[in-house]
Amino acid sequence: MKQILSLSSLLILLLFAFQSCNEAAETPSEDLSATEVDTLDAFDCPFDESNQDDAFMKELDHFVHYTWIDSAKMAVVPLANKDTLFITRGGCLNFNFFAELHTSVTEPVINDIPFWFERGLALAQSFLPEEETKKLKALMDSQSYSLDATNNQMFVTFEQDEHCEMTMMVFLNQKREHNIMLEIGYSDC
């Protein structure tokens with residue numbers, strides 16, 4: 001019984017200590033100068049989210065029907081055969097420009113690299129600027145990438161210096177009707 005009480009007391013004490021630390025961490029210091037506050041604000045969100053909108057989607061004539069979710073900086077595009085395309089363009093700490101296609105493929109083979117590169121490049125051409133897709137194609141053709149594959153997923157990191165990362169991922173989920181997720185794009189940091 002004594003052990004239960006002392007354990008309970010310890011848990012309560014830890015809870016109060018944790019809560020006090022959180023309150024102290026949440027309370028901003030009043031001694032910060034204006035320059036320090038600006039520096040903290042810039043550190044908190046280096047990419048200006050106020051101009052991250054769906055203007056780029058309006059330039060893509062082939063995506064007439066879509067829903068823009070501003071909080072996620074994402075366009076949701078319904079496609080034929082109940083496929084769905086998610087295009088993310090924006091971010092705070094990292095600026096992401098990715099498309100994620102949820103689709104079905106008859107008997108997909110995860111290690112069919114030429115097939116997935118063809119599909120990934122076609123997806124990239126549907127939303128990225130032409131110069132980005134030319135870079136992607138050149139990286140694919142010159143085999144300038146690292147590849148990590150398992151039975152149900154393939155992850156490709158393209159070797160380039162312009163972006164923090166440029167990747168393609170294929171994920172296969174046999175338990176769903178739209179069993180393939182194909183994602184391609186880049187992040188800037």
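Basis for what follows: all heavy atoms, side chains included, without hydrogens, waters or symmetry-related copies. In this text, all values refer to a predicted model and were calculated from it rather than measured experimentally.
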Check: Asn96/Thr88 side-chain N/O donor and acceptor closer than 3.5 Å: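 No, no side-chain donor-acceptor contact under 3.5 Å.
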Steps toward side chain to side chain contact (heavy atoms under 4.5 Å, CB included) verdict (Tyr186, Gln160): CA-CA 11 Å; Tyr186 65 84; Gln160 47 75 48; over 6 Å; no
Residues in side-chain hydrogen bond (donor to acceptor under 3.5 Å, both in side chains) contact with Asn152, at least two apart in sequence or another chain: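 Asn152 satisfies side-chain hydrogen bond (donor to acceptor under 3.5 Å, both in side chains) with Thr150 only.
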Pairing of Glu132 and Lys135 as salt bridge, 4.0 angstrom limit: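 Yes, this pair counts.
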Any side-chain heavy-atom pair of Leu101 and Ile184 under 4.5 Å: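 Not touching, per the 4.5 Å side-chain cut-off.
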Nearest atoms (heavy-atom pairs only) where Met140 meets Tyr145: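 Nearest heavy atoms, Met140 then Tyr145: O-CE2, 3.8 Å.
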Flag if over 12 foreign heavy atoms under 6.0 Å of CG, Asn151: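 No - once you tally the heavy atoms of other residues, nucleotides and ligands closer than 6.0 Å, there are 12 at most.
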Candidate pair His163 and Glu165, rule side-chain hydrogen bond (donor to acceptor under 3.5 Å, both in side chains), full reasoning: CA-CA 5 Å; His163 304 290; Glu165 71 175 6; over 6 Å; no
Rounded to the nearest 0.5 Å, how far apart are [atom1] of [X] and [atom2] of [Y]?
{"X": "His65", "Y": "Leu79", "atom1": "NE2", "atom2": "CG", "result": "11.5 Å"}
{"X": "Ser71", "Y": "Lys73", "atom1": "OG", "atom2": "NZ", "result": "8.0 Å"}
{"X": "Met168", "Y": "Phe158", "atom1": "CE", "atom2": "CZ", "result": "5.5 Å"}

Trp116 side chain to Met169 backbone, donor-acceptor under 3.5 Å: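 Side chain of Trp116 to backbone of Met169, a donor-acceptor pair under 3.5 Å: no, none is there.
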Full working for side chain to side chain contact (heavy atoms under 4.5 Å, CB included) between Val109 and Phe115: CA-CA 9 Å; Val109 178; Phe115 173 81; over 6 Å; no
